[in-house]
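Taking it in order: structure first as structure tokens, then the write-up.
Residue numbers start from 1 in every chain, and the chains themselves are labelled A, B, ... in the order their sequence lines are given, proteins ahead of strands.
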Amino acid sequence: MRIATFNVNSITARLPRLLAWLESSGTDVVCVQETKCSEAQFPYEQLRELGYEAAVNATGRWNGVALISKVGLEDVVRGLPGGPEYEGVEEPRAISATCGGVRLWSVYVPNGREVEHDHYGYKLDWFRALTAAVAEDAAGPRPFAVLGDYNVAPTDEDVYDPAVFAGLTHVTPAERAALEALRGAGLSDVVPRPLKYDRPYTYWDYRQLAFPKNRGMRIDLVYGNEPFAKAVTDAYVDREERKGKGASDHAPVVVDLALDA
DNA sequence: ATGACTACCGCAGGTAGA
């Protein structure tokens, strides 16, 4: 089974490329972030024509997550149970379901904006709620993974130049400690292969030729429990999908699993 | 190369991304 996580930066803007990529890559399940649409605007029909069903948690122009699967989509849970609100709103940043026997979450962790900003505290609170919400499945016997845009680079190796990020969100000790807590719950970082260069970046800013210069970050992560990690046969960043006209600023992370019958 | 982002909402430019 081939699964993936992909921050599409608007599923409406990305739809032609997303549909072509689903077909060419043979992806069975993709965890999508930043749909940037309402549920009514979600392209269910175009996906259905390719054999995919979708579960969506989206409310409008910001955020939004989905699970798109052609191997089943059962026991859907929208949102992060016990998660914090931001400015009185429960934002659409999580959805989970069982696809082909694997329990999967698609998450879009809050950005944090600046270390002094309320959004940063919200981000850390969101991580705490996520860790609590996944603890039981993380420790369980069923293959389980949380995939998505974590908005944290796990180590200094995961940014093109640590000096550029000094004092900024995405690299602070508290954010990295939040990832460590998630690992403490029984999940491990499934690190993908880069298909070019030496580091598996997943995001490159649109500006200043960041992609051709490979000024990237690894912030789209796959955190799986032990049964999941044992089933992984390959993982890679599909950087081809970051190229050319109409690309997202993120590339998909693809994971191949060999599951028992 | 004296410049070098994209998307949303909505009709200008503010907000957001990381």
Interatomic distance, Lys243(A) NZ vs dC5(B) C1' [rounded to whole Å]: 19 Å
Selected nucleotide, minimal atom distance to Tyr206(A) side chain, candidates dA7(B), dA18(B), dT6(B): dT6(B)
Carboxylate-amine/guanidinium proximity below 4.0 Å for Arg176(A) and Glu180(A): no
Protein-nucleotide distance (Arg207(A), atom CZ; dT6(B), atom C1'), rounded to Å: 10 Å
d(CZ, Arg17(A); C1', dT6(B)) in whole Å: 13 Å
Neighbour count >12 (heavy atoms, 6.0 Å) for atom CD, Glu116(A): no
Interatomic distance, Glu114(A) CD vs dT15(B) P [rounded to whole Å]: 13 Å
Among dA7(B), dA18(B), dA16(B), the nucleotide that comes nearest once only the side chain of Asn7(A) is considered: dA18(B)
Sugar-phosphate, base or nothing in reach of Asp149(A), heavy atoms under 4.0 Å: sugar-phosphate
Heavy-atom closest pair, residues Ala54(A) and Leu47(A): CB-CD1, 4.4 Å
Of Ser10(A) and Pro110(A), the one whose closest DNA chain B nucleotide lies more 5': Ser10(A)
Atom-pair distance (OH on Tyr150(A); C1' on dA18(B)), nearest Å: 18 Å
His250(A) vs dA18(B): side-chain N/O to OP1/OP2 distance below 4.0 Å: yes
Pair His117(A) + Tyr120(A): ring centers closer than 6.0 Å: no
Sugar-phosphate, base or nothing in reach of Asn111(A), heavy atoms under 4.0 Å: base
Thr12(A) or His119(A), whichever maps to the more 5' nucleotide of DNA chain B: Thr12(A)
C1' atoms of dA18(B) and dA7(B), separation to the nearest Å: 15 Å
Sugar-phosphate only, base, or nothing, as touched by Arg215(A) at under 4.0 Å among non-hydrogen atoms: nothing
Length of the line joining Tyr120(A):OH and dG17(B):C1', which is rounded to integer Å: 18 Å
Partners meeting salt bridge (charged side-chain N to carboxylate O under 4.0 Å, His left out) with Asp158(A) (sequence neighbours left out): Arg218(A)
Sugar-phosphate, base or nothing in reach of Tyr203(A), heavy atoms under 4.0 Å: sugar-phosphate
Any Asn151(A) side-chain N or O less than 4.0 Å from OP1/OP2 of dA18(B): yes
Val76(A) side chain near Ile95(A) side chain, heavy-atom distance below 4.5 Å: yes
Sugar-phosphate only, base, or nothing, as touched by Tyr108(A) at under 4.0 Å among non-hydrogen atoms: sugar-phosphate
Short side-chain N/O contact from Arg113(A) to OP1 or OP2 of dT15(B), under 4.0 Å: no
Whole angstrom value for the distance that separates P of dG17(B) from CG of Leu168(A): 14 Å
Length of the line joining Arg93(A):CZ and dA18(B):C1', which is rounded to integer Å: 13 Å
Inter-nucleotide C1' distance (dG10(B), dG14(B)), Å rounded: 12 Å
